[in-house]
Amino acid sequence: MASIVRVARSSSSFFGSRFYSTSAGITHASPSTPFLHGGGIRRDVAKDRNVQWVFLGCPGVGKGTYASRLSSLLGVPHIATGDLVREALASSGPLSQQLTEIVNQGKLVSDEIIVDLLSKRLEAGEAKGESGFILDGFPRTMRQAEILGDVTDIDLVVNLKLPEEVLVEKCLGRRTCNQCGKGFNIAHINLKGENGKPGISMDPLLPPPQCASKLITRADDTEEVVKARLRIYNETSQPLEDYYRSKGKLMEFDLPGGIPESWPRLLEALRLDEYEEKQSAAA
């Protein structure tokens with residue numbers, strides 16, 4: 001198995017793991033209960049941007065959306081293993097053929113392949129002077145978490161959560177423009193609240209006129225394959241969540257809706273709401 005390049009950390013990183021420890025080793029952030037760091041957070045974000053975070057969550061939950069936004073806000077690279085796999089799929093050769101079969105069957109890509117792809121991406125970033133990262137889609141198994149833990153110190157693991165019926169609708173609504181490559185979603189989700197749980201409403205993310213006639217659907221975004229992916233993810237994710245929870249690094253965040261509702265709540269949970277305001281004012 002290829003080894004992951006060691007990612008150096010500066011001693012002044014502002015999100016040390018000590019900020020996420022609780023007496024029970026468990027933390028949870030809901031829309032009405034912001035996640036509170038045990039000891040606070042320094043506000044000198046502009047000087048220290050080398051956070052080393054992981055985003056967990058079922059396929060379609062929005063890991064890429066929120067990780068990408070935080071990447072732009074904090075000035076660190078967003079590394080999505082799903083993107084790495086799709087880039088490999090678009091290439092030619094035996095790996096592309098192997099990945100095509102795996103993805104079309106709704107199976108998970110092996111640890112060996114994921115680690116090799118991520119190693120190459122981190123090495124390329126290190127060569128360009130990148131510092132820190134937000135990982136999206138890695139680790140997804142205990143084995144991967146152990147490999148990652150051997151080479152770098154993860155500050156925080158954000159576990160995004162949505163009901164399964166919402167996840168299925170979101171995945172089935174995904175579309176990509178085959179010309180510009182931008183992603184959209186045609187699903188209009190309106191889940192009524194019941195049994196004490198709040199409802200969830202998400203507006204579609206529709207394409208502009210120039211992309212409307214060029215939308216394509218991912219080959220693996222069928223109901224059967226989506227449900228298979230969710231089932232496999234749920235079977236493998238619990239040990240991973242327990243692992244990071246025991247280290248006091250897991251923040252569980254229930255998405256209250258689409259981006260307009262969820263983004264400010266997530267920033268509040270991460271105590272980055274004031275920082276975004278300062279960044280916007282300085283722009």
Side-chain angles (χ1 to χ4, degrees), residues 28-35 53-74 78 80 82-83 86 134-137 156-177 180-212 214-218 220-223 226-227 229-230 233-234 237 251-277 279-280 283:
H28 187 90
S30 68
S32 60
T33 308
F35 174 67
W53 289 357
V54 166
F55 267 66
L56 298 180
C58 288
V61 75
K63 297 186 296 295
T65 298
Y66 296 103
S68 177
R69 281 174 165 249
L70 285 167
S71 166
S72 298
L73 180 65
L74 299 176
H78 165 217
D83 290 343
R86 282 185 281 277
I134 297 178
L135 292 182
D136 163 10
L156 174 67
V157 178
V158 181
N159 188 26
L160 300 180
K161 308 184 80 173
L162 276 173
E164 181 172 329
E165 53 264 53
V166 174
L167 292 168
V168 172
E169 287 192 51
K170 284 193 67 182
C171 287
L172 296 181
R174 291 192 292 200
R175 299 291 186 274
T176 303
C177 176
C180 71
K182 291 183 179 179
F184 306 97
N185 200 300
I186 63 172
H188 189 116
I189 297 171
N190 188 12
L191 180 67
K192 294 183 179 180
E194 57 182 16
N195 299 324
K197 295 182 179 179
I200 295 178
S201 178
M202 295 186 183
D203 293 329
L205 179 59
L206 299 177
Q210 63 268 26
C211 297
K214 305 178 181 68
L215 299 184
I216 58 175
T217 305
R218 282 172 43 174
D220 58 327
D221 274 349
T222 65
E223 185 170 357
V226 167
K227 288 184 176 180
R229 286 205 309 263
L230 293 176
Y233 178 84
N234 288 328
S237 66
M251 181 185 110
E252 297 187 288
F253 186 81
D254 295 302
L255 293 165
I259 295 173
E261 299 85 11
S262 298
W263 176 242
R265 298 290 182 88
L266 181 59
L267 289 179
E268 183 183 7
L270 293 168
R271 289 193 174 179
L272 288 173
D273 46 334
E274 292 181 11
Y275 176 62
E276 187 193 41
E277 292 174 2
Q279 290 288 85
S280 298

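Hydrogens, waters and symmetry mates play no part in the numbers below; they use all other heavy atoms, side chains included. Remember, predicted model here, so these are calculated numbers, not experimental data.
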If we check side chain to side chain contact (heavy atoms under 4.5 Å, CB included) with Pro163, which of these qualifies: Leu191, Leu255, Val168?
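Of the listed residues Leu191, Leu255, Val168, the side chain to side chain contact (heavy atoms under 4.5 Å, CB included) partner of Pro163 is Leu191.
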Reference residue Met251; test side chain to side chain contact (heavy atoms under 4.5 Å, CB included); the match among Leu270, Leu56, Val157
Leu270
Closest contact, heavy atoms only, [X] versus [Y]:
| X | Y | result |
| --- | --- | --- |
| His188 | Glu169 | O-OE1, 4.1 Å |
| Gly64 | Asp136 | CA-OD2, 3.1 Å |
| Leu167 | Pro59 | CD2-O, 3.8 Å |
| Ser262 | Gly257 | OG-O, 2.9 Å |
| Lys63 | Phe55 | CD-O, 3.5 Å |
| Arg174 | Thr217 | O-CG2, 4.2 Å |

Closer than 3.5 angstrom, by distance alone: can the side chain of [X] be matched with the main-chain N or O of [Y] as a donor-acceptor pair?
| X | Y | result |
| --- | --- | --- |
| Asn185 | Lys170 | yes |
| Tyr233 | Gly57 | yes |
| Thr176 | Gly183 | no |
| Ser71 | Ala67 | no |

Tell me, please, which residues at least two apart from Arg229 pass side-chain hydrogen bond (donor to acceptor under 3.5 Å, both in side chains).
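With sequence neighbours excluded, Arg229 shows a side-chain hydrogen bond (donor to acceptor under 3.5 Å, both in side chains) to Asp220, Asp221, given in chain and number order.
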Restricting to side-chain hydrogen bond (donor to acceptor under 3.5 Å, both in side chains), what partner residues turn up for Lys182, sequence neighbours left out?
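side-chain hydrogen bond (donor to acceptor under 3.5 Å, both in side chains) list for Lys182, sorted by chain: empty.
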Is there a side-chain contact between Val54 and Val158 in this structure, where contact means two heavy atoms from C-beta onward sitting under 4.5 Å apart?
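Val54 vs Val158: side chains apart.
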Are Cys177 and Pro207 close enough that some pair of their side-chain heavy atoms sits under 4.5 Å apart?
no
Just wondering, more than 12 heavy atoms not from Glu223 lying within 6.0 Å of its CD?
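It does not: Glu223 CD has 12 such atoms or fewer within range.
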[atom2] on [Y] to [atom1] on [X], rounded to 0.5 Å:
| X | Y | atom1 | atom2 | result |
| --- | --- | --- | --- | --- |
| Ile200 | Met202 | CD1 | CE | 5.5 Å |
| Ile186 | Leu205 | CD1 | CG | 11.5 Å |
| Trp53 | Ile134 | CH2 | CD1 | 6.0 Å |
| Leu162 | Glu164 | CG | CD | 11.5 Å |
| Leu160 | Asp254 | CG | CG | 9.5 Å |
| Asp203 | Ile189 | CG | CD1 | 10.0 Å |

Is there a salt bridge (Lys or Arg N to Asp or Glu O under 4.0 Å) between Arg265 and Glu261 once you walk through the steps?
CA-CA 7 Å; Arg265 298 290 182 88; Glu261 299 85 11; over 6 Å; no
Do Leu266 and Tyr66 pass the side chain to side chain contact (heavy atoms under 4.5 Å, CB included) test, and can you show the C-alpha distance, the side-chain angles, and the key distance before you say yes or no?
CA-CA 9 Å; Leu266 181 59; Tyr66 296 103; 3.9 Å; yes
When you look at Arg218 and Arg86, which way does the side chain to side chain contact (heavy atoms under 4.5 Å, CB included) test go after all the steps?
CA-CA 11 Å; Arg218 282 172 43 174; Arg86 282 185 281 277; 3.2 Å; yes
List for me each residue that meets salt bridge (Lys or Arg N to Asp or Glu O under 4.0 Å) alongside Lys214, sequence neighbours excluded, and say none if there are none.
none
I'd like to know whether Phe253 forms a side chain to side chain contact (heavy atoms under 4.5 Å, CB included) with Lys161, so could you lay out the CA-CA distance, the side-chain angles of the two residues, the decisive distance to 0.1 Å, and finally the verdict.
CA-CA 6 Å; Phe253 186 81; Lys161 308 184 80 173; over 6 Å; no
